[in-house]
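Here the structure comes first, spelled out in structure tokens, and everything after it is commentary.
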Amino acid sequence: MQKKIVAGNWKMNTTFQEGEALVKAIIAGKNETPDDVLLIVAPPFTHLCCLTEPLREAGIGVAAQNCASEEKGAYTGEVSAKMLASIGVEYCIIGHSERREYYGETGEILLKKVQQSLSAGLRPIFCVGEVLAEREANRHFEVVGQQLDEVILKLTPADFAKTIIAYEPVWAIGTGKTASSEQAQEIHAHIRKVLVGKFGGAANDTAILYGGSCKPSNAKELFAQPDVAGGLIGGASLVADDFIAIAKAG
Ligand code: PGA
């Protein structure tokens, strides 16, 4: 039985001091969470160097929210996957809809980021998901299929085995609207089918997380679906009690 994963994406929130306090509260609450739930926290870059050690000592995974698409060199302002790995970061969120929408990250760029992460030893948490108009036009399977095709289906089986997928319908992110557990299961099963089609039985072990207005009140039902391996949590991960309550639902 695979561990469930509950990952907190802090986005561009918290000063360093606020982040430090949040980590302390999450560490304090961790002993209330089931052993078979892996907690992961993704603070902003500025916080990672100081917060990685206490988080890892507490048995909590550490993720970055992004990394550069290039290995190193004259790319002012960028942070490489290798730099992240060198301070003990273990995971990297890649392809979040906010990166796709506001920073123009295409499939081509995201494939490079995923490959940089994997070659530095980071496990990618690769996000896919459709916007509202695509869902309403019943194109969500096609859109998610293409996002997987551009990046994940291009990986070697060994790299694929290290990859985590997060399905995040864009219409549910930060809106308070959650996909129903039936909608989540339906598309998670579709994602699994696409992955099995390419990588065979190995894809039965791939963790596919749900993200988008996941909160303590809906986490249990979502996580109970057979193809939902946990959640990628935005807003609710900024409140330690809510994040811990979501983990308890795992
Ligand atoms: P949300 O964000 O939980 O605030 O909807 C989820 C995400 O963007 O990862």
Side-chain angles (χ1 to χ4, degrees), residues 4-14 18-19 22 26 37-45 47-48 60-67 89-105 110 113-114 117 122-132 134-135 140 143-144 147-148 151-152 163-181 183-184 187-188 191 207-223 225 228-250:
K4 289 260 189 224
I5 297 173
V6 174
N9 172 14
W10 293 7
K11 310 191 180 184
M12 195 173 74
N13 290 298
T14 75
E18 289 163 350
L22 181 52
I26 292 169
V37 174
L38 171 65
L39 290 178
I40 299 176
V41 172
F45 284 140
H47 305 12
L48 284 171
I60 298 172
V62 181
Q65 299 172 18
N66 182 28
C67 71
V89 172
E90 305 159 277
Y91 303 88
C92 188
I93 298 171
I94 295 175
H96 191 280
S97 63
E98 288 149 18
R99 301 293 317 171
R100 292 177 190 262
E101 186 181 349
Y102 307 141
Y103 301 97
E105 295 192 355
L110 297 174
K113 292 189 175 203
V114 166
S117 292
L122 302 179
R123 293 185 62 188
I125 301 174
F126 183 72
C127 304
V128 296
E130 79 286 355
V131 300
L132 185 61
E134 292 162 341
R135 162 77 53 174
H140 43 293
V143 169
V144 165
Q147 290 168 337
L148 293 170
V151 180
I152 301 303
T163 302
I164 295 166
I165 307 291
Y167 168 68
E168 300 203 300
V170 181
W171 47 271
I173 296 177
T175 59
K177 282 189 206 141
T178 319
S180 67
S181 49
Q183 285 174 320
I187 196 148
H188 280 230
I191 291 169
I208 307 173
L209 312 182
Y210 170 79
S213 297
C214 190
K215 39 190 183 256
S217 57
N218 59 26
K220 202 167 191 72
E221 201 186 326
L222 285 162
F223 297 174
Q225 303 306 310
V228 178
L232 182 56
I233 322 298
S237 74
L238 296 168
V239 179
D241 287 349
D242 287 352
F243 188 57
I244 295 299
I246 292 170
K248 283 191 199 166

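Read the numbers this way: they start at 1 and go in the same order the structure lists the ligands and their atoms.
- G174 counts as a contact of ligand 1, since one of its heavy atoms falls under 4.0 Å from the ligand.
- Checked by atom type, the side-chain pair H188/Q225 shows no donor-acceptor distance below 3.5 Å.
- When heavy-atom distances to ligand 1 are checked against a 4.0 Å cut-off, N9 comes that close only through its side chain, counted from C-beta outward.
- Using a 4.5 Å cut-off on side-chain heavy atoms (C-beta onward), P124 and Y91 make no contact.
- Heavy atoms of S213 approach ligand 1 to within less than 4.0 angstrom.
- For atom 4 (O) of ligand 1, the closest non-hydrogen atom of the protein is G235 N, 2.8 Å.
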Test salt bridge (charged side-chain N to carboxylate O under 4.0 Å, His left out) applied to K11 and E98, step by step: CA-CA 10 Å; K11 310 191 180 184; E98 288 149 18; 2.8 Å; yes
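- Ligand 1 lies nowhere less than 4.0 angstrom from a heavy atom belonging to K215.
- The nearest heavy-atom contact from the protein to atom 9 (O) of ligand 1 is E168 OE2, 2.6 Å.
- Not a single heavy atom of S97 sits less than 4.0 Å from an atom of ligand 1.
- The aromatic rings of Y210 and Y167 are tilted relative to each other, their planes meeting at an angle between 30° and 60°.
- By the 3.5 Å distance cut-off applied to N or O atoms, T175 is not counted among the residues near ligand 1.
- The backbone N or O of E168 sits nowhere less than 3.5 Å from a side-chain atom of H96 that would complete a donor-acceptor pair.
- Near H96, meaning under 4.0 Å from one of its heavy atoms, ligand 1 places the atoms 7 (C), 8 (O), 9 (O).
- At a heavy-atom cutoff of 4.0 Å, ligand 1 is contacted by no atom of C127, backbone or side chain.
- Those atoms of ligand 1 that come under 4.0 Å of a heavy atom in A172, given as number and element, are 5 (O).
- The only option from V144, I208, V128 that meets the side chain to side chain contact (heavy atoms under 4.5 Å, CB included) definition with I187 turns out to be V144.
- Side-chain contact between K4 and V228 is absent, with no heavy-atom pair separated by less than 4.5 Å.
- The N/O atoms of I233, backbone and side chain alike, include none that comes under 3.5 Å of an N/O atom in ligand 1.
- Checked by distance only, ligand 1 and E98 stay at 3.5 Å or farther apart across all their nitrogen or oxygen atoms.
- Here's the thing with G212: none of its N/O atoms is less than 3.5 angstrom from an N/O atom of ligand 1.
- Remark: side-chain polar atoms of S213 are paired, donor with acceptor, to backbone N or O of G176 under 3.5 angstrom.
- Proximity of a side-chain donor or acceptor of S117 to a complementary backbone N or O of L122 within less than 3.5 Å is not detected.
- Ligand 1 has an N or O atom lying under 3.5 Å from an N or O atom of G234, backbone or side chain.
- In this structure, the side chain of Q65 engages the main chain of A42 through a donor-acceptor pair within 3.5 Å.
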